[in-house]
Amino acid sequence: HPACTPLLQAARGYARPVTKKRKDIPSHLDDLPPTMLKKEYANLPIMNSVDDVVKRMLSLEMASQKEKMKVKTQQLVEKVRRSPNDNGSFEVQGKLKKGRVLIRTLEEHLQKHPKDKKNRRFLLMDLDRRRKMLGYLRRVNYSTFENTCKQLDIQYSPPQPYTRRVTKRWLVKKALCIKVFQEKQKLKAAERLKQRREWQARARTAREQQE
């Protein structure tokens with residue numbers, strides 16, 4: 001405003017919010033060609049005779065992120081499949097492939113929105129779930145575990161052993177829990193002995209009646 005003093009104009013310019021430029025973070029879904037059809041229409045024979053406009057409407061160019069994730073998951077299934085007709089193996093049926101796509105999506109989202117605590121919690125839960133599944137596959141079939149990690153580009157890190165700081169309060173609490181458990185076992189043993197004697201008495205009575 002022309003009536004404003006230079007000092008007030010400078011203050012207004014200083015208080016103006018600064019617009020931060022967001023960095024263009026590359027997505028793991030960028031390698032999907034836009035002309036590829038969606039998962040629901042990819043194997044339909046009628047798609048060879050439809051119009052180009054219809055193909056474009058049903059392609060990944062017009063697809064949402066959820067539909068692109070389905071196509072990406074299907075590509076990962078083809079990588080870890082043991083044979084062309086394999087539909088029942090652990091790495092095909094399990095959530096490793098879906099978890100890998102979801103984890104990458106959450107990582108990209110948190111790079112853009114680092115204060116999103118809810119999705120950060122979901123990311124940690126998915127990482128822990130995937131670590132458990134990979135640990136099971138590692139114990140059962142190590143060669144398949146290595147191939148799965150290589151094909152899905154996953155780096156497995158075994159969980160750290162749980163350690164607890166021993167304090168005086170924790171030792172007293174542990175001793176009390178052990179004492180309560182022992183007393184409860186004694187009561188259960190006396191109850192079981194009483195039931196056994198009752199069963200023996202009933203069996204003895206039934207045997208005497210039969211005689």
Side-chain angles (χ1 to χ4, degrees), residues 17-138 140-157:
V18 179
T19 56
K20 294 183 178 180
K21 293 183 178 180
R22 291 185 178 179
K23 298 181 180 179
D24 294 333
I25 300 173
S27 175
H28 68 287
L29 303 175
D30 292 340
D31 57 346
L32 296 174
T35 56
M36 183 184 291
L37 295 175
K38 300 176 185 178
K39 183 184 176 184
E40 292 80 6
Y41 309 101
N43 299 323
L44 293 179
I46 197 174
M47 296 305 299
N48 298 324
S49 58
V50 297
D51 193 9
D52 293 339
V53 179
V54 179
K55 278 189 178 181
R56 187 180 177 190
M57 291 293 296
L58 301 179
S59 64
L60 296 183
E61 184 181 357
M62 304 293 179
S64 62
Q65 187 182 21
K66 186 176 181 180
E67 292 169 336
K68 290 181 180 179
M69 288 173 64
K70 287 182 180 178
V71 177
K72 190 72 174 179
T73 305
Q74 187 64 28
Q75 288 184 353
L76 295 178
V77 168
E78 297 298 331
K79 284 185 177 181
V80 299
R81 185 169 281 171
R82 301 181 186 179
S83 63
N85 299 324
D86 178 22
N87 293 318
S89 61
F90 177 80
E91 56 271 20
V92 171
Q93 273 194 341
K95 296 183 178 179
L96 288 172
K97 55 193 187 308
K98 187 176 180 181
R100 188 260 191 189
V101 177
L102 186 60
I103 286 171
R104 293 289 172 88
T105 307
L106 286 175
E107 286 175 350
E108 293 167 5
H109 174 78
L110 289 172
Q111 287 178 358
K112 297 178 182 177
H113 310 281
K115 294 185 180 181
D116 192 350
K117 296 183 179 179
K118 183 179 179 181
N119 282 314
R120 187 175 296 277
R121 178 172 171 268
F122 288 153
L123 175 63
L124 294 176
M125 290 170 62
D126 289 336
L127 286 171
D128 187 56
R129 190 181 300 114
R130 187 179 73 177
R131 188 183 296 113
K132 289 179 181 178
M133 296 178 72
L134 284 173
Y136 168 77
L137 187 62
R138 186 186 183 194
V140 174
N141 195 338
Y142 190 78
S143 60
T144 308
F145 161 77
E146 281 188 330
N147 182 47
T148 304
C149 290
K150 181 180 178 181
Q151 295 295 335
L152 299 184
D153 193 16
I154 297 174
Q155 186 176 2
Y156 174 73
S157 57

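In this structure, OG1 on Thr105 lies 3.5 Å from NE2 on His28, to the nearest 0.5 angstrom. Distance CG/Leu60 to OG1/Thr35: 8.0 Å, rounded to 0.5 Å. In this structure, CG on Asp153 lies 13.0 Å from OG1 on Thr148, to the nearest 0.5 angstrom.
Residue pairs that meet the salt bridge (Lys or Arg N to Asp or Glu O under 4.0 Å) test with at least one member in residues 113-126, sequence neighbours left out, are Asp126-Arg129. Under the side-chain hydrogen bond (donor to acceptor under 3.5 Å, both in side chains) criterion, the residue pairs touching residues 54-67 are Lys38-Glu67, Arg56-Glu61, with sequence neighbours excluded.
Qualifying side-chain contact (heavy atoms from CB on, under 4.5 Å) partners for Lys39, counting only residues two or more places apart in sequence or in other chains: Lys70, Val71, Gln74. For Phe122, there are no ring-ring contact (aromatic ring centres under 6.0 Å, His included) partners, not counting sequence neighbours. Annotation: salt bridge (Lys or Arg N to Asp or Glu O under 4.0 Å) contacts of Glu146 (sequence neighbours excluded): none. Listed by chain and number, the residues in a salt bridge (Lys or Arg N to Asp or Glu O under 4.0 Å) with Lys72 are Asp31 (sequence neighbours excluded). In terms of the side-chain contact (heavy atoms from CB on, under 4.5 Å) criterion, residue partners of Leu44 (sequence neighbours excluded) are, by chain and number, Tyr41, Ile46, Met47. In this structure Leu127 satisfies the side-chain contact (heavy atoms from CB on, under 4.5 Å) test together with Ile103, Leu123, Arg130, sequence neighbours excluded. Remark: Lys132 engages Asp128 in a salt bridge (Lys or Arg N to Asp or Glu O under 4.0 Å) (not counting sequence neighbours). Evaluation of the side-chain contact (heavy atoms from CB on, under 4.5 Å) rule for Asn141 yields Arg82, Ser143, Thr144 as partners, not counting sequence neighbours.
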Next item on the list: Apply side chain to side chain contact (heavy atoms under 4.5 Å, CB included) to Arg104 and Leu29, showing your working.
Entry: CA-CA 10 Å; Arg104 293 289 172 88; Leu29 303 175; over 6 Å; no

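In terms of heavy-atom proximity, Cys149 sits nearest to Tyr156 at SG-CB, 4.4 Å.
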